[in-house]
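Worksheet: the structure to be examined is printed underneath.
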Amino acid sequence: MATDGNETGINTRLAHSGNNPHDYFGFVNPPIVHASTVLYPNASVMAARSQKYTYGTRGTPTTDALAHAIDALEGSAGTIIVPSGLAAVTVPSLAFLSAGDHILIVDSVYHPTRNFADTMLKRLGVEVEYYDPHAGAGIASLIKPNTKVVFTESPASNTFEVQDVPAIAKAAHETGAIVMMDNTWATPLYFRPLDHGVDISIHAATKYPAGHSDVLLGTVSANANCWKQLCETFYTMGCCAGPDDVYQVLRGLRTMGVRLDHHQKSALSIATWLEGQPGVARVLHPALPSHPDHAVWKRDFSGSSGIFSIVLKGGGQRQQHAFLDALKIFGLGYSWGGYESLAVPVFLGDRTVAKGPYDGPLIRLQIGLEDVEDLKADILRGLEAAAAA
């Protein structure tokens, strides 16, 4: 998006990437194209499918605008757009795994990813193994001759361990395995996976790109080596997103930089404050100097988002539920990345390696766009209720 030989700033790129208004009579936003059938000018073009658009499942100007914008952010060779963040995990997994293959998945992965691996992938004959989020270069000892994919998520879902992604990618590539990463937490604004050796970058665009808790969407971006196989699988599966949702996410991108900066500042302010609050044993936020993986985060990431977890000082589910039930501003609901603050109980019972130990129950906080002092007061209500439970 440079116009003078220098790369423009991130907010400038977010405001202008994806489409050229002059392609659409000067209107600054691209049209929302609702499409299934696409007409051909004659039989020879139809037989050769030699025009740009051939059918609705294979792309429209609307999906192209978002895909091009994501490519500009990711530095990727191509991006597919799918109906949800979970679909952004399942489609590339099916693209690069076959019966008899082995996949290594970080044990702290998003639970629906684990559920997909433990059900569908295993049923299809894929060998699934989970590894410690701190494996780093040591993951080489887990790689087998049939290991085809190493799946990473950093920071970890719910517990926020930071993986040494470059070391993992190096070890995987030495054996011919490809590396996938769920990068939803950081977005490509704060971490660009492909720059660190990752082959496939996955995002739940439901979160920060959409930003308003009303759209489901996923994006998958690939490097040049993996793009063709990913794209062909996407076409084969017909797993395309609706144009209205695509447009909403493209619109959300325009303000994502400003929103994410606010999320980051508010979350860091609250996380730092929480470290000194009675009733809080630990704050699991990698941008805090107290976090055990802070050095790795600082080396690889350029910022942090608005979601982290806290560990209550002792107690169990009763204290956890008392904290949650006392909240008035934080909503109790899944997802994150929207304008509103949310809180959920953290469950670690499905893990095999990354179980803790922790001093008490965990609660994940999504810090929204509300005023920080109001959120602190709400959290204090929760801590007081937990202490009294």
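- Formation of a donor-acceptor pair under 3.5 Å by the Ser84 side chain with backbone atoms of Leu216 is not found in this model.
- For the residue pair Glu340/Ser213, the side-chain donor-acceptor check at 3.5 Å is satisfied.
- Checking side-chain atoms of Asp293 against main-chain N and O of Val296 turns up no donor-acceptor pair under 3.5 Å.
- Using modelled atom types, one finds no donor on one side chain facing an acceptor on the other under 3.5 Å when comparing Thr152 with Gln163.
- Aromatic pair Phe301/Phe191: centroids less than 6.0 angstrom apart.
- Ion pair Asp164/Arg299 flagged as a salt bridge, since at least one NZ, NE, NH1 or NH2 atom sits closer than 4.0 Å to an Asp/Glu carboxylate oxygen.
- Between Glu384 and Arg381 there is no salt bridge, since no side-chain nitrogen of the basic residue lies less than 4.0 Å from a carboxylate oxygen of the acidic one.
- Of the possible polar contacts, one joining the Thr62 side chain to the Pro31 backbone as a donor-acceptor pair under 3.5 Å is found.
- In this structure, Thr159 contributes its side chain and Glu161 its backbone to no donor-acceptor pair below 3.5 Å.
- The closest donor-acceptor contact from the side chain of His111 to the backbone of Asp350 lies at 3.5 Å or more, if one exists at all.
- Counted by atom type alone, Asn158 and Ser309 present zero donor-acceptor pairs between their side chains at under 3.5 Å.
- Leu324 approaches Pro345 most closely through the heavy-atom pair CD1-CD, 3.6 Å.
- Between the Ser269 side chain and the Lys265 main chain, no donor and acceptor come within less than 3.5 Å of each other.
- A donor atom on one side chain and an acceptor atom on the other are found under 3.5 Å apart for Tyr130 and Asp118.
- With sequence neighbours excluded, the residues that form a salt bridge (Lys or Arg N to Asp or Glu O under 4.0 Å) with Lys144 are Glu127.
- Side chain of Asp101 to main chain of Lys148: no donor-acceptor pair is present (N/O by atom type, distance under 3.5 Å, no hydrogens or angles).
- The distance between the ring centers of Tyr208 and Trp185 does not fall below 6.0 angstrom.
- Judged by distance alone, the side chains of Ser17 and Arg13 never bring a donor and an acceptor atom under 3.5 Å apart.
- Between the Arg282 side chain and the Asp359 main chain, no donor and acceptor come within less than 3.5 Å of each other.
- Side chain of Asp371 to main chain of Glu373: no donor-acceptor pair is present (N/O by atom type, distance under 3.5 Å, no hydrogens or angles).
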Check the pair Glu275, Ser290 against side chain to side chain donor-acceptor pair (under 3.5 Å), reporting the backbone distance first and the verdict last. CA-CA 9 Å; Glu275 287 195 302; Ser290 60; 2.3 Å; yes
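- Residue Gln277 places its CD atom among more than 12 non-hydrogen atoms of other residues, nucleotides or ligands, all under 6.0 Å distant.
- Of the possible donor and acceptor atoms, one in the side chain of Glu370 sits under 3.5 Å from a partner among the backbone N and O of Ser341.
- In plain terms, the two heavy atoms of Leu260 and Thr187 that are nearest each other are CD2-OG1, 3.4 Å.
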